[in-house]
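What follows is a set of notes on a single structure, which appears directly below.
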Amino acid sequence: MNMIFLGAPGAGKGTQAEVVCKELNIPAISTGNMLREAVKNSTEAGLKAKSYMDAGELVPDEVVIGILKDRIAQPDAQNGFILDGFPRTVQQAEALESMGVEIDKVIEIDVPDDAIIARMSGRRVCEGCGNSYHIEYKPTKVEGICDACGAKVVQRIDDKPETVLARLKTYHEKTAPLKDYYEKRGKLVTVKGQNEIAETSRLTLAAIKGE
Ligand code: ADP
Ligand code: ZN
């Protein structure tokens, strides 16, 4: 099953993608994580992406589409995958179609803007493996240290309040039109994001199973 997880920054689509991919044993492919990795390693794509990411803007389509195309060609993606954070523009959705990628379901995690803004200040990410946490909703076992790899857990540069507002604006302008795009194709399922991560996961899995 090929799925897309759609939602505003901080709506929890990444967290849900991680839960569901373990449940279904398919990879969660996060373009945000791949781009952060590329920036860290100063690859060509990373160098192009950094200034956009820091400002809360979208990285140009050709950079992201290139990265995504390579990733879904990998052996582990042949039995299905969850795309987390891609597509983010109608052009990217069209690019997926022209690559011949069939999408079975698009899960939108819907969280109102005011709740997003309140959540974002608590978000943390591991410098080592990219795992994400939240000081309130998904804390690390040891404060400031990643459960998975032991590296330091920090706030993302683009999680500063002013950048969060820019990212929300970008989401509404460029990404939210994808709801219509996939609705028209009969693929969209909306899940209301809950404060309890486990509760959202329950609703998300039910939506995937068509319940
Ligand atoms: P969030 O969903 O919390 O905003 P992501 O980790 O998905 O965070 O993305 C972080 C940043 O990476 C985005 O603000 C954007 O600059 C860039 N990015 C990620 N995916 C894409 C994409 N599909 N197209 C363009 N830019 C992207
Ligand atoms: Zn880690």
Side-chain angles (χ1 to χ4, degrees), residues 4-18 28-40 45-72 82-96 99 101 106-111 113 115-117 119-134 138-142 144-178 193:
I4 292 169
F5 278 30
L6 196 64
K13 61 183 180 316
T15 303
Q16 294 308 326
E18 289 301 330
I29 298 178
S30 158
T31 44
N33 285 354
M34 286 191 284
L35 287 166
R36 277 186 288 281
E37 190 65 25
V39 169
K40 198 165 82 184
L47 295 174
K48 283 187 195 147
K50 186 176 186 332
S51 62
Y52 297 97
M53 294 176 76
D54 288 351
E57 288 164 16
L58 293 184
V59 173
D61 283 345
E62 65 274 14
V63 177
V64 188
I65 291 168
I67 289 183
L68 196 269
K69 206 171 183 172
D70 292 345
R71 180 63 187 87
I72 58 178
I82 296 174
L83 299 182
D84 160 22
F86 187 98
R88 253 179 161 92
T89 61
V90 170
Q91 288 79 356
Q92 291 179 11
E94 289 168 352
L96 258 188
M99 284 175 217
V101 175
V106 177
I107 307 287
E108 181 213 354
I109 314 276
D110 179 31
V111 174
D113 282 7
I116 297 270
I117 293 166
R119 274 187 196 187
M120 292 297 259
S121 59
R123 210 151 85 134
R124 300 291 182 271
V125 65
C126 170
E127 281 183 337
C129 70
N131 268 15
S132 59
Y133 298 94
H134 192 284
K138 193 189 172 193
T140 52
K141 293 199 181 88
V142 180
I145 301 294
C146 176
D147 294 352
C149 79
K152 221 165 77 183
V153 168
V154 298
Q155 185 165 40
R156 272 165 48 178
I157 309 176
D158 62 348
D159 277 351
K160 286 181 302 190
E162 52 291 11
T163 319
V164 169
L165 291 179
R167 286 160 63 205
L168 269 176
K169 187 162 175 277
T170 306
Y171 174 76
H172 288 296
E173 281 175 12
K174 309 261 171 64
T175 308
L178 288 174

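What you see below is based on every heavy atom in this structure, not just the backbone, and it leaves out hydrogens, waters and symmetry mates. Note that this is a predicted model, so its numbers are computed, not measured. All ligand and atom numbering here is 1-based and tracks the order in the structure.
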Kindly say whether Gly85 contributes a backbone atom to a donor-acceptor pair with the side chain of Thr31 at under 3.5 angstrom?
yes

Ligand 1 atoms nearer than 4.0 angstrom to some heavy atom of Arg167 are 1 (P), 3 (O), 4 (O), 8 (O)

Does the N or O separation between Gly85 and ligand 1 drop below 3.5 Å for any pair?
yes

As an exercise, identify every atom of ligand 1 less than 4.0 angstrom from a heavy atom of Thr31.
19 (C), 20 (N), 21 (C), 23 (N)

List the atom of Phe86, the atom of Leu96, and the distance in Å for their closest heavy-atom pair.
CE2-CG, 3.7 Å

Give the minimum heavy-atom separation between Cys149 and Cys126, together with the two atoms involved.
SG-SG, 3.5 Å

Heavy-atom closest pair, residues Thr140 and Cys146:
CG2-CA, 4.4 Å

Which atoms of ligand 1 have any heavy atom of Gly10 under 4.0 Å away?
3 (O)

Which one holds for Leu58 and ligand 1: side chain close, backbone close, both close, or neither close, with close meaning a heavy atom under 4.0 Å?
both

What protein heavy atom is closest to atom 5 (P) of ligand 1, reported as residue, atom name and distance in Å?
Arg88 NH2, 3.6 Å

Numbered in order shown, the ligand 1 atoms found under 4.0 Å of a heavy atom of Arg123 are 3 (O)

Checking contacts here: is it the side chain or the backbone of Arg156 that comes within 4.0 Å of ligand 1, counting heavy atoms only? Could be both or neither.
side chain

Spacing of His172 atom NE2 and Leu168 atom CG [to the nearest 0.5 Å]
5.5 Å

Using a 4.0 Å cutoff against the non-hydrogen atoms of Arg36, which atoms of ligand 1 qualify?
6 (O), 10 (C)

Heavy-atom donor-acceptor pair, Lys40 side chain to Gly128 backbone, under 3.5 Å
yes

Salt-bridge present (Arg124, Asp159; N to O < 4.0 Å)
no

Do the side chain of Thr175 and the main chain of Arg88 share a donor and acceptor less than 3.5 angstrom apart?
yes

Between Arg167 (side chain only) and Asp158 (backbone N and O only), is there a donor and an acceptor less than 3.5 Å apart?
yes

Output yes when a side-chain donor or acceptor of Lys13 lies under 3.5 Å from a complementary backbone atom of Ile109, and no otherwise.
no

Test of geometry: compute the angle SG(Cys129)-the Zn ion (ligand 2)-SG(Cys126) and round it to 10°.
110°

Closest protein heavy atom (residue, atom, distance) for atom 26 (N) of ligand 1:
Val59 N, 3.0 Å

Within ligand 1, which atoms have a heavy atom of Gln92 less than 4.0 Å away?
22 (C), 23 (N), 24 (N), 25 (C)

Output the list of atoms in ligand 1 that are nearer than 4.0 Å to some heavy atom of Glu57, sorted by atom number.
15 (C), 16 (O)

Tell me which part of Val64 gets within contact of ligand 1: side chain, backbone, both or neither, using heavy atoms under 4.0 Å.
side chain

Which ligand 1 atoms does Leu35 reach within 4.0 Å, using its non-hydrogen atoms?
12 (O), 17 (C), 18 (N), 19 (C), 27 (C)

Main-chain N/O of Ala28 paired with Asp84 side-chain donor or acceptor, under 3.5 Å:
no

Quick check: does Lys13 get an N/O under 3.5 Å from an N/O on ligand 1?
yes

Provide, to 0.1 Å, the distance between atom 11 (C) of ligand 1 and the closest protein heavy atom, together with that atom's residue and name.
Met53 CE, 3.9 Å

